[in-house]
Student: 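Input: one structure, supplied below.
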Amino acid sequence: GRFTHERAVEISRQLCVGMEAIHKAGILHRDFKPANIIIDKKGIARITDFGIAGIEADISKDEIRSGTPAYMSPEQARGREIDARSDIFSFGVVLYEMLAGKVPFTGDNAADVVSGILGKEPVPLTELAPYLPKEFQRIISKTLRKKRDQRYHSTKDLLNDLKDLRDELQLELKLEQ
């Protein structure tokens, strides 16, 4: 289901903090999706299920394609070398789904989904969630770029943008009161 954009920004920020810690340790999650996220009793979002996670330097070519097709980056779906930017793409898929209520790339089977990831652009969030702040749409769009060079280069950069957005939204709320 959908979240309010304020709650989605906060959950995204919390998950990004976790993802940054994972990446700092040299680990790639490789299967980041809603089923691998829990929100505890205090409302804190946490990343779970590191079953196919691996040390970035040790992941062999045979292991690259592991993961859930709807959340794979283009390079992961192609079986090419992956890095933190692959997890950032998956993170973007989760954010998109959180706000649109559906994943950005769909199909009747895994091959159709992968085809969409490789060759189609998602329906713009402006059409599915017009209430969303433009900055949040820009952040999500950047995470979902087909070419990894055009995505965030690190979760730290993504986290900085999410923190700035959270601060901006909090300021807007204060000004409205």
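Heads up: numbering here begins at 1 and tracks the sequence. Hydrogens, waters and symmetry mates are skipped; everything else that's a heavy atom, side chains included, is used.
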Student: For the residue pair Ala129 and Gln137, what are the closest heavy atoms and their distance?
Tutor: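 It is O-NE2, 4.0 Å.
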
Student: With side chain to side chain donor-acceptor pair (under 3.5 Å) as the rule and sequence neighbours excluded, what pairs involving residues 8-20 come up?
Tutor: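 Non-adjacent pairs meeting side chain to side chain donor-acceptor pair (under 3.5 Å): Glu10-Arg13, Glu10-Gln14.
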
Student: Please report the closest heavy-atom contact between Tyr71 and Glu97, naming both atoms and the distance.
Tutor: OH-OE1, 2.5 Å

Student: Quick check: does any side chain N or O of Ser86 sit under 3.5 Å from a backbone N or O of Asp83, one acting as donor and the other as acceptor?
Tutor: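 No: the side chain of Ser86 does not pair with the backbone of Asp83.
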
Student: Hey, could you give me the OG/CD1 distance between Ser154 and Ile88, rounded to the nearest 0.5 Å?
Tutor: 6.0 Å

Student: If I compare all heavy atoms of Leu118 with all of Ala77, which pair ends up nearest, and what's the gap?
Tutor: CD2-CB, 4.3 Å

Student: Is a donor on one side and an acceptor on the other found under 3.5 Å between the side chain of Lys146 and the backbone of Ser73?
Tutor: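 Not at all, since once roles are kept as given, no pair shorter than 3.5 Å links the two residues.
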
Student: Tell me whether Arg145 contacts the main-chain N or O of Tyr152 through its side chain, where contact means a donor paired with an acceptor under 3.5 Å.
Tutor: no

Student: Which atoms form the tightest heavy-atom contact between Leu15 and Phe32, and what is the distance?
Tutor: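 Distance-wise, the nearest heavy atoms are CD1-CZ, 4.1 Å.
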
Student: Is any NZ, NE, NH1 or NH2 atom of the basic residue among Arg148 and Glu81 found under 4.0 Å from an Asp or Glu carboxylate oxygen of the other?
Tutor: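 No salt bridge links Arg148 with Glu81.
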
Student: Should the pair Asp40-Lys42 be classified as a salt bridge under the 4.0 Å nitrogen-to-oxygen rule?
Tutor: no

Student: Grab the two heavy atoms, one from Gly107 and one from Val113, that are nearest each other, plus how far apart they are.
Tutor: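 The answer is N-CG2, 3.7 Å.
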
Student: Heavy atoms only: give me the nearest Leu128-Lys102 pair and the separation to one decimal.
Tutor: CD1-CE, 3.9 Å

Student: Can a salt bridge be assigned to the pair Arg138 and Glu135 using a cut-off of 4.0 Å between side-chain N and carboxylate O?
Tutor: yes

Student: May I ask you to establish whether Lys120 and Phe105 are in a cation-pi arrangement, using a distance under 6.0 Å from NZ or CZ to the six-membered ring centre and at most 45° from the ring axis?
Tutor: no

